[in-house]
Amino acid sequence: MPKPRVVYWFRTDLRLHDSPALKAALDLQPECLYPVWTWDPHYVYRARVGPNRWQFLLDCQNDLSESITKLNSKSKLFVIREAPQTLFQKLFKAWNITHLVFEKDTDAYARDRDSKVVKLAKDAGVKVIIKTGRTLYDPDELIQQNYGKPTMSISQAQAAGSKLGEIPRPIPAPNQLPDPGKRNLDFDQEKPTKSPDINAEQRDGDETSYHALAGPKNDFAVPTMEELGLKPATTPHRGGETIALKMLDEITADEVYTATFEKPKTAPTAFSPQATTLLSPHLHFGSLSSREFYWRAQDIVSKHKNASKPPTSLTGQLLFREMYFGAQAALGYKFAQTYGNAQVRFIPWHLPSKIDTATNLITGTYRIDDPEAQEYFVRWREGRTGFPWIDALMRQLRLEGWIHHLGRHAVACFLTRGGCYVDWERGAEVFEEWLLDHETACNAGNWQWLSCVAFYSQFYRCYSPVSFPQKWDKEGKFVRRYCPELEMFDAKFVYEPWKAPIADQKKWGCVVKGDGTTATEGEFKVYPKPVFEFSAQREKCIRRMKNAYHVGLRGSDKRVLNGSWRELFMDDAEGSPEGSNGPPGAMLKHEEATREEGYHPQADIDGDSGMKTKERGTRETQVKAH
DNA sequence: CGGGATGTTGCTACC
DNA sequence: CGGTAGCAACATCCC
């Protein structure tokens, strides 16, 4: 029996510590082991990923590659520029591979991709080993323990989790790695088509990394931002397992902080340093194992007298992640949208998603049903709503790729049920592009929570953009940091600058006028007027939410699917849907003309991600409507 | 099944 | 200033 020749396929597990899958690969005692990242070039042109998250991913890959080389100077992370669905069958043959090993991923796209790869491997006579390690529990087992249903509350998730027994203890990093074998790539590369290029706005140069399987220098190197033609990243937060473990050491060194952490009490206005751990991007890319995090925190909690408890404690935060992964794993693609989703309430928001009628999936495009709502949305996205708390958060998000969880609450509530009355799917798409820690399960789940369509329903509890931040930051230091034009404003007006007398505005060097598209006026800086009068808008939203709750439709309701929901909202004075003669569907049938084969733009760049191939499916051109 | 308590993270007025 | 009641009100959990 010849010794195994193993491809270890890295995806959202960019680490050496606590990797059950990597351990399984090493347990085979292979003759050779190839640490491989397969990179579908489609990501470059079709992913909704800003430069900050690109940089974080490349950081993780570089750090991992260096760590691998430290264990074996002949080895590294071999980055191969082709989609796994087409690459692996050629690679298995060229390198005489006997085993493929990877970590389980329950994201909807990942399941499609991986089942395809598993089939290819079986056809090629390659054995496949898959281990869970991305989450505390295997999401599929969690669902099983929840009577086959998606985990839609934290108590369900906790109850289901406790039936699965103790969370596995972390596995130490290996102290040696086998050599890789020969690395000939004597086969053709499947080249990507560059159109549609929905990622164009992330780039200011040409993409030059994907011209050959092993990259421009033929050395399997991790691409650079420059090679990818990406605009420079602006975030101070950097990726990689080395950094993640150092951060975890520093956090857990403060045992009181670790043991008594209560999320709702942490300040969303703290920026130097932030009030929470900032480990979420590392959990997403797998540069930190969630189980490592869990046990490092739990061991401190266990020996502490006044420790906080789930769900507000640090480990509680990880349990929410489990809940969202359980919900997503049960629902698949539908989890990230309202249309067809039985768990989600239907609210007739503005700017609804266009639906691909062939797949019943959202397309990443939307319909501008109301120009005013579009104006609200664009000003929200660009951080010029005229509400400094909201604008500061949105500017921090775009610049740094991270905002505090309660800050996310504030902007999400403002965009949806507590202000703009814009569809939560619009907000989720902006977060998808800008957040370093974006993962579909948590992002979609949190947007559903905050917009009160699932997980949470107390829509009458509405965040004020003026009062809420003052709980932590009366002086407005956070606002002054991210909206520097308001730096000199008196604390009395820093959250509502439009109320300051004109003479004071001029004295403080900034006049409040317009919509934020002009930065200066003569010697003065300019900050926009509020996009609407908040309290009136808030009342209108709550009234409409109440009505929509009363109507009581779910995303899977026949009337949502066929468009007849409109009749039920006709007497809703302040926002009756335009016309009753629209096309079928809650939203719109997607234009036939923009379709191509095999891609869905909701796909993400990271391992959980990429080209959403549907057997019978279609691919939509993603055209940004803003 | 009914009904009361609870739900990680609201706001305002009032003592 | 800090704590609390009232606001108008929803779903889930648990006895």
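In what follows, chains carry the letters A, B, and so on, assigned in the order in which the sequence lines appear, proteins first and then strands, with residues in each chain numbered from 1.
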TODO: Kindly point out which of C:dC13, C:dA9, B:dT8 is positioned nearest to the side chain of A:S155?
DONE: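 So the side chain of A:S155 is nearest to C:dC13.
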Open item on the list: The side chain of A:F468 is closest to which nucleotide in this list: B:dT9, B:dC11, B:dT12?
Closed with: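 Nearest to the side-chain atoms of A:F468, counting from C-beta on, is B:dC11.
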TODO: Show your reasoning for whether side-chain hydrogen bond (donor to acceptor under 3.5 Å, both in side chains) applies to A:E400 and A:T235.
DONE: CA-CA 4 Å; A:E400 303 183 359; A:T235 180; over 6 Å; no
Check this one for me: any side-chain N or O of [X] less than 4.0 Å away from OP1 or OP2 of [N]?
{"X": "A:K546", "N": "C:dA9", "answer": "yes"}
{"X": "A:S467", "N": "B:dG10", "answer": "no"}
{"X": "A:S313", "N": "B:dT8", "answer": "no"}

Task: Nearest-angstrom distance, C1' atom, C:dC7 to B:dT8 - done: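 About 22 Å, rounded to a whole number of Å.
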- [ ] Quote, to the nearest angstrom, the P distance that separates B:dA5 from C:dA5.
- [x]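 Comparing P positions in B:dA5 and C:dA5 gives a spacing of 14 Å.
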Rounded distance in Å - [atom1] ([X]) to [atom2] ([N]):
{"X": "A:K471", "N": "B:dG10", "atom1": "NZ", "atom2": "P", "result": "7 Å"}
{"X": "A:M323", "N": "B:dG7", "atom1": "CE", "atom2": "P", "result": "15 Å"}
{"X": "A:F534", "N": "B:dT12", "atom1": "CZ", "atom2": "P", "result": "9 Å"}
{"X": "A:Q470", "N": "B:dC11", "atom1": "CD", "atom2": "P", "result": "10 Å"}
{"X": "A:F414", "N": "B:dC11", "atom1": "CZ", "atom2": "P", "result": "14 Å"}
{"X": "A:R543", "N": "C:dC7", "atom1": "CZ", "atom2": "P", "result": "19 Å"}
{"X": "A:K263", "N": "B:dG7", "atom1": "NZ", "atom2": "P", "result": "17 Å"}
{"X": "A:Y456", "N": "C:dC13", "atom1": "OH", "atom2": "C1'", "result": "17 Å"}

Would you please say whether a donor-acceptor pair under 3.5 Å links the side chains of [X] and [Y]?
{"X": "A:S535", "Y": "A:E533", "value": "yes"}
{"X": "A:R134", "Y": "A:S289", "value": "no"}
{"X": "A:H304", "Y": "A:T260", "value": "no"}
{"X": "A:Q156", "Y": "A:T151", "value": "no"}
{"X": "A:D391", "Y": "A:T385", "value": "yes"}

TODO: Please map the stems of DNA chain B, keeping only stretches of three or more Watson-Crick or G-U wobble pairs with both distances under 3.5 angstrom.
DONE: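 As far as DNA chain B goes, consecutive pairing (with distances under 3.5 Å) yields the stems B:2-7 with C:10-15, B:10-15 with C:2-7.
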TODO: For this output row, return yes or no: ring centroids of A:H282 and A:F56 closer than 6.0 angstrom.
DONE: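 Yes: the rings meet the under 6.0 Å criterion.
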Task: Aromatic centroids of A:F387 and A:W498 separated by under 6.0 Å - done: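 Yes.
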TODO: Residues of residues 457-466 of chain A with any non-hydrogen atom less than 4.0 angstrom from an atom of DNA chain C: list those, numerically ordered, please.
DONE: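 Nucleic-acid contacts, sorted: A:S457, A:Q458, A:F459, A:Y460.
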Under 4.0 Å between any heavy atoms, over every strand shown, what does [X] touch: base, sugar-phosphate, or nothing? Just pick one.
{"X": "A:E262", "result": "nothing"}
{"X": "A:I542", "result": "nothing"}
{"X": "A:W449", "result": "base"}

- [ ] Name the orientation class of the two ring planes belonging to A:W449 and A:F455 (parallel below 30°, tilted from 30 to 60°, perpendicular beyond 60°).
- [x]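 Ring orientation, 0 to 90° scale: parallel.
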Task: Whichever of A:K474 and A:Y549 has its nearest DNA chain C nucleotide further upstream toward 5' - done: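 Going by which nucleotide is closer to the 5' end, it is A:K474.
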Task: A:L14 versus A:C60, closest heavy-atom pair with distance - done: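 Taking A:L14 first and A:C60 second, the nearest heavy atoms are CD1-CB, 3.6 Å.
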